[in-house]
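Take a look at the structure below.
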Amino acid sequence: MKRYGHCALFLTFTVIFFSCDNNVTISQKSSHYDPRIHLRSVGANEKLPAGVRELLNQESAKNKMIPKFPLSYYLIQEGDVKFLRTKYFSPDIIEQLDSEVSGERYFKLFVHPDSDAAYTFLKHGYRYIGPEETEFFAAPVPGNKTVVVWNSKNMNKTAFIVKTMLDEGTIQEISTRFPASVIATPEMASLLFKRKIRGSSETIQGQQITAIPQF
């Protein structure tokens with residue numbers, strides 16, 4: 001069993017990804033995360049993508065219920081963010097993390113449930129895909145607002161880990177390590193805002209994506 005590194009694990013704020021065939025129609029529906037409605041637990045016999053149950057069992061005490069929740073996201077125009085990835089980062093993950101709408105590419109910025117209310121200002125400039133619409137489910141793993149994420153509508157798609165909130169130290173590390181769009185190891189991807197957030201004076205740094213470790 002290969003133990004996963006501590007930093008790139010749970011749910012914070014940094015998603016950004018890339019695919020050519022993810023054409024979607026964006027609904028105007030804007031629901032909010034409500035734990036009374038959306039917080040559930042992972043079933044003992046529930047089907048999960050490869051590596052997800054092994055990761056969750058490794059971090060949970062035996063017989064302890066593991067929470068899960070629909071993972072909302074914002075669609076951020078490609079021109080507003082910088083997408084950085086390692087050379088060999090999984091294309092199976094990358095292809096899930098962007099959408100094309102009317103010929104324009106949008107990156108998915110995932111929102112940890114604990115940040116849902118704090119990030120509502122993003123709705124002034126970006127489209128929100130809420131818990132009733134999202135195709136993703138997530139469960140917490142070690143790390144500040146870090147989650148393991150999977151496509152609940154297609155269990156054959158590769159699951160991944162999202163650190164949904166970046167601290168200043170991580171930002172400095174990314175800036176130093178990732179001088180170009182294709183970067184050196186470790187294998188990961190990062191999404192960083194490269195200009196002010198539309199319609200707001202608030203700031204968000206971005207988020208970081210890594211693969212689930214091999215078990």
Side-chain angles (χ1 to χ4, degrees), residues 9-17 22 24-49 51-76 93 96-99 101 106-166 191 197 199-200 202 204 206-209 212:
L9 249 113
F10 209 65
L11 170 52
T12 332
F13 199 97
T14 47
V15 166
I16 23 308
F17 297 110
N22 290 19
V24 300
T25 300
I26 303 177
S27 167
Q28 294 292 333
K29 188 175 181 180
S30 180
S31 56
H32 292 279
Y33 175 79
D34 184 339
R36 296 169 300 178
I37 300 171
H38 300 119
L39 184 61
R40 309 172 195 173
S41 60
V42 175
N45 299 313
E46 180 176 343
K47 183 180 178 182
L48 294 170
V52 173
R53 188 170 295 279
E54 291 86 347
L55 177 63
L56 294 176
N57 286 346
Q58 179 176 294
E59 303 299 343
S60 258
K62 191 174 182 180
N63 298 324
K64 181 180 178 181
M65 286 203 321
I66 300 172
K68 70 173 185 178
F69 37 81
L71 189 62
S72 303
Y73 58 89
Y74 286 89
L75 291 172
I76 310 296
I93 296 175
Q96 299 180 63
L97 301 170
D98 82 335
S99 295
V101 183
Y106 292 78
F107 289 106
K108 297 174 183 176
L109 183 66
F110 295 110
V111 182
H112 191 283
D114 290 349
S115 301
D116 189 76
Y119 290 147
T120 54
F121 69 88
L122 285 168
K123 293 179 183 178
H124 294 297
Y126 305 104
R127 201 61 62 87
Y128 176 68
I129 307 301
E132 302 295 336
E133 300 172 283
T134 180
E135 66 271 38
F136 296 104
F137 257 79
V141 294
N144 181 24
K145 295 184 180 176
T146 302
V147 289
V148 58
V149 181
W150 65 94
N151 189 316
S152 62
K153 298 180 181 178
N154 188 341
M155 293 294 174
N156 292 320
K157 289 186 176 292
T158 303
F160 49 93
I161 293 168
V162 180
K163 185 175 183 179
T164 62
M165 182 172 290
L166 299 181
L191 182 70
I197 293 171
S200 176
E202 301 278 356
I204 290 176
Q207 48 195 351
Q208 191 174 79
I209 309 301
I212 292 176

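Here Tyr126 pairs with Asp80 under the side-chain hydrogen bond (donor to acceptor under 3.5 Å, both in side chains) rule; sequence neighbours left out. In terms of the side-chain contact (heavy atoms from CB on, under 4.5 Å) criterion, residue partners of Lys153 (sequence neighbours excluded) are, by chain and number, Glu135, Asn151. Listed by chain and residue number, Tyr128 satisfy the side-chain hydrogen bond (donor to acceptor under 3.5 Å, both in side chains) test with Ser72 (two or more places apart in sequence, or in another chain).
The side-chain contact (heavy atoms from CB on, under 4.5 Å) with Trp150 is formed by just one residue from the set Gln96, Lys157, Met155; it is Met155.
Atom CG of Leu109 is separated from atom CG of Leu75 by 9.5 Å, given to the nearest 0.5 angstrom. Atom CG of Leu166 sits about 10.5 Å away from atom CD1 of Ile204, to the nearest 0.5 Å. Here the OG1 atom belonging to Thr120 is positioned 7.0 Å from the NE2 atom belonging to His32, to the nearest 0.5 angstrom. A distance of 11.5 Å separates CD1 of Ile209 from NZ of Lys163, quoted to the nearest 0.5 Å. Taken to the nearest 0.5 Å, the CZ atom of Phe136 stands 4.5 Å off from the CZ atom of Phe160.
The shortest side-chain heavy-atom distance between Ile161 and Val147 does not fall under the 4.5 Å cut-off. Looking at Leu122 and Ser200, their side chains never come closer than 4.5 Å, going by heavy atoms from C-beta outward. Val42 is listed as a side-chain neighbour of Leu48, based on a closest heavy-atom distance under 4.5 Å. When side chains are defined from C-beta on, Val111 counts as touching Tyr74, because their heavy atoms get closer than 4.5 Å. Using a 4.5 Å heavy-atom cutoff, the side chains of Thr134 and Tyr73 are in contact.
Using bins of under 30°, 30° to 60° and over 60° for the plane-to-plane angle, the ring pair Tyr33/Phe69 lands in the perpendicular bin.
Within the structure, the side-chain hydrogen bond (donor to acceptor under 3.5 Å, both in side chains) test picks out the following pairs touching residues 36-46 (sequence neighbours left out): Asp34-Arg36, His38-Glu132, Glu46-Lys68.
Closest of all the heavy-atom pairs between Gly51 and Ile212 is O-CG2, 3.8 Å.
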